[in-house]
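The structure appears below as structure tokens.
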Amino acid sequence: MKPDLEVVQIGHGQSFKAWEHGYPFHTVRWHFHPEMEIHQVTATCGQYYVGDFIGEFVPGNLVLTGPNLPHNWISHVPEGTSIPLRSRVVQFPEDLLQRIAELFPDTGGFADLFQSSRRGVIFSDACSERCSSILADLVHARGPRRASLFLDLLALLAADGEARTLASVTY
């Protein structure tokens with residue numbers, strides 16, 4: 001099955017999109033987009049797919065997908081059930097990390113994060129827990145606070161020594 005192209009619309013005057021959604025939701029399908037994506041499940045369990053990886057997720061599942069890497073999270077809920085908040089998502093252009101690194105050389109660890117994202121990265125439970133409140137705040141933040149939270153989030157992801165890639169090397 002070929003993945004659908006999702007068109008990510010980042011708002012005028014913004015460098016990334018931060019949002020949340022329930023389940024079911026129209027973006028819950030096998031899809032890809034040129035933007036990188038940080039995805040945290042807040043409720044439900046189910047199966048997720050990243051490239052050629054298939055795994056089981058639970059609340060707290062925190063994954064980074066790289067540019068054009070197909071992915072999907074399918075919740076195991078009874079037919080007709082509606083979940084008001086299932087996921088928090090941050091999407092950003094792949095060159096944003098490079099531009100940040102040029103402006104702030106201190107962020108050298110972001111380059112490794114970017115390379116790993118091409119296969120998808122799952123983060124440790126401890127990292128997910130630390131990122132949870134940042135993601136919740138980021139969805140509603142404005143101005144400099146929004147940029148600060150984004151950098152804090154990336155720093156936590158880059159520092160997670162237990163993170164592991166998902167899709168195979170040959171995907």
Side-chain angles (χ1 to χ4, degrees), residues 4-29 31-44 46 48 50 57-73 75 82-118 120-160 163:
D4 293 332
L5 170 64
E6 176 184 317
V7 177
V8 173
Q9 296 183 352
I10 297 172
H12 178 71
Q14 297 181 334
S15 53
F16 60 91
K17 180 178 182 177
W19 55 290
E20 55 193 16
H21 67 81
Y23 189 87
F25 195 72
H26 70 276
T27 62
V28 178
R29 67 190 190 291
H31 70 281
F32 71 99
H33 38 75
E35 294 77 15
M36 297 178 72
E37 177 176 301
I38 300 166
H39 184 270
Q40 186 177 49
V41 175
T42 60
T44 76
Y48 72 112
V50 176
F57 71 83
V58 296
N61 175 266
L62 180 62
V63 171
L64 170 68
T65 56
N68 300 310
L69 181 62
H71 54 277
N72 191 15
W73 281 255
S75 294
S82 180
I83 309 297
L85 176 59
R86 200 273 310 249
S87 298
R88 290 195 173 97
V89 179
V90 178
Q91 296 166 314
F92 52 97
E94 67 175 299
D95 71 338
L96 182 59
L97 294 184
Q98 294 163 339
R99 291 185 293 159
I100 289 171
E102 288 170 8
L103 290 172
F104 301 101
D106 321 66
T107 62
F110 293 173
D112 292 339
L113 190 62
F114 173 72
Q115 285 306 321
S116 297
S117 77
R118 300 219 177 262
V121 179
I122 184 163
F123 297 94
S124 68
D125 292 344
C127 180
S128 176
E129 190 173 319
R130 286 190 299 275
C131 291
S132 185
S133 61
I134 293 173
L135 283 161
D137 290 345
L138 188 57
V139 168
H140 304 288
R142 300 289 177 257
R145 176 77 177 135
R146 187 171 189 269
S148 174
L149 287 168
F150 182 68
L151 289 174
D152 288 347
L153 177 63
L154 292 176
L156 286 172
L157 298 179
D160 186 4

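Not measured: the values here are computed from a predicted model. Hydrogens, waters and symmetry mates play no part in the numbers below; they use all other heavy atoms, side chains included.
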message = Against Val139, only a single residue in Lys17, Arg146, Arg88 fulfils side chain to side chain contact (heavy atoms under 4.5 Å, CB included); can you say which?
response = Arg88
request  = Calculate, to the nearest 0.5 Å, the distance between atoms CD and NE2 belonging to Gln9 and His12 respectively.
outcome  = 14.0 Å
Closest approach of His33 to Leu5 (non-hydrogen atoms, all atoms of both residues) = CA-CD1, 4.3 Å
ask   = Side-chain contact, heavy-atom cut-off 4.5 Å: Val8 with Glu37?
value = no
query = Step by step, would you call Leu97 with Phe92 a side chain to side chain contact (heavy atoms under 4.5 Å, CB included)?
reply = CA-CA 9 Å; Leu97 294 184; Phe92 52 97; 3.9 Å; yes
task = Show your working on side chain to side chain contact (heavy atoms under 4.5 Å, CB included) between Ile83 and Ser75 and close with a plain yes or no.
result = CA-CA 10 Å; Ile83 309 297; Ser75 294; over 6 Å; no
ask   = Is there a side-chain contact between Pro34 and Asn68, using heavy atoms and a 4.5 Å cut-off?
value = yes
ask   = Do you know which two heavy atoms are closest between Ala141 and Leu149, and how far apart they sit?
value = CB-CD1, 3.7 Å
query = Is there a donor-acceptor contact under 3.5 Å from the side chain of Ser148 to the main chain of Pro144?
reply = no
ask   = Hey, does the side chain of Asn61 reach the backbone of Val41 with a donor-acceptor pair shorter than 3.5 angstrom?
value = no
key: Met36 vs Leu64 side-chain heavy atoms within contact, under 4.5 Å   = yes
task = Please examine the side chains of Glu20 and His140, heavy atoms only from C-beta on, and report whether any two atoms are closer than 4.5 Å.
result = yes
task = Could you pull out the closest heavy-atom pair between Val50 and Gly120, with the gap in Å?
result = CG1-CA, 4.0 Å
task = Any chance you could measure Gln40, atom CD, to Leu153, atom CG, to the nearest 0.5 Å?
result = 9.0 Å
ask   = Which pair of non-hydrogen atoms, one from Ala155 and one from Phe110, has the smallest distance, and what is that distance?
value = N-CE2, 3.7 Å
message = Quick one, Leu154 with Thr107, criterion side chain to side chain contact (heavy atoms under 4.5 Å, CB included). Give me CA distance, side-chain angles, the key distance, then yes/no.
response = CA-CA 9 Å; Leu154 292 176; Thr107 62; over 6 Å; no
key: Backbone of Leu69 reached by a side-chain donor or acceptor of His71 within 3.5 Å   = yes
message = To the nearest 0.5 Å, what is the distance between OG on Ser15 and CG on Leu96?
response = 5.0 Å
ask   = Taking atom types as modelled and ignoring hydrogens, do the side chains of His39 and Thr65 form a donor-acceptor contact shorter than 3.5 angstrom?
value = no
query = Does the side chain of Asp152 come within less than 4.5 Å of Leu138's, by heavy atoms?
reply = no
task = Flag the pair Ile10 / Pro93 as yes when at least one side-chain heavy-atom distance between them is below 4.5 Å, and no otherwise.
result = yes
request  = Supply the atom-to-atom distance Ser82 OG to Phe25 CZ, rounded to the nearest 0.5 angstrom.
outcome  = 11.0 Å
Phe57 and Val63, any side-chain heavy atoms less than 4.5 Å apart = no
ask   = So how far is it from Leu85 CG to Thr42 OG1, rounded to the nearest 0.5 Å?
value = 3.5 Å
message = Looking at every heavy atom in both Cys127 and Leu157, which two are closest together, and how far apart are they?
response = SG-CD2, 4.0 Å
ask   = Near Gln14 CD, under 6.0 Å, is it more than 12 heavy atoms from other residues, nucleotides or ligands?
value = yes
query = Do the side chain of Asn72 and the main chain of Arg29 share a donor and acceptor less than 3.5 angstrom apart?
reply = yes
key: Minimum heavy-atom distance between Ala43 and Arg86, given as atom pair plus value   = O-CG, 3.3 Å
query = Going from CZ on Phe16 to CD on Glu35, what distance comes out if it is rounded to the nearest 0.5 angstrom?
reply = 13.5 Å
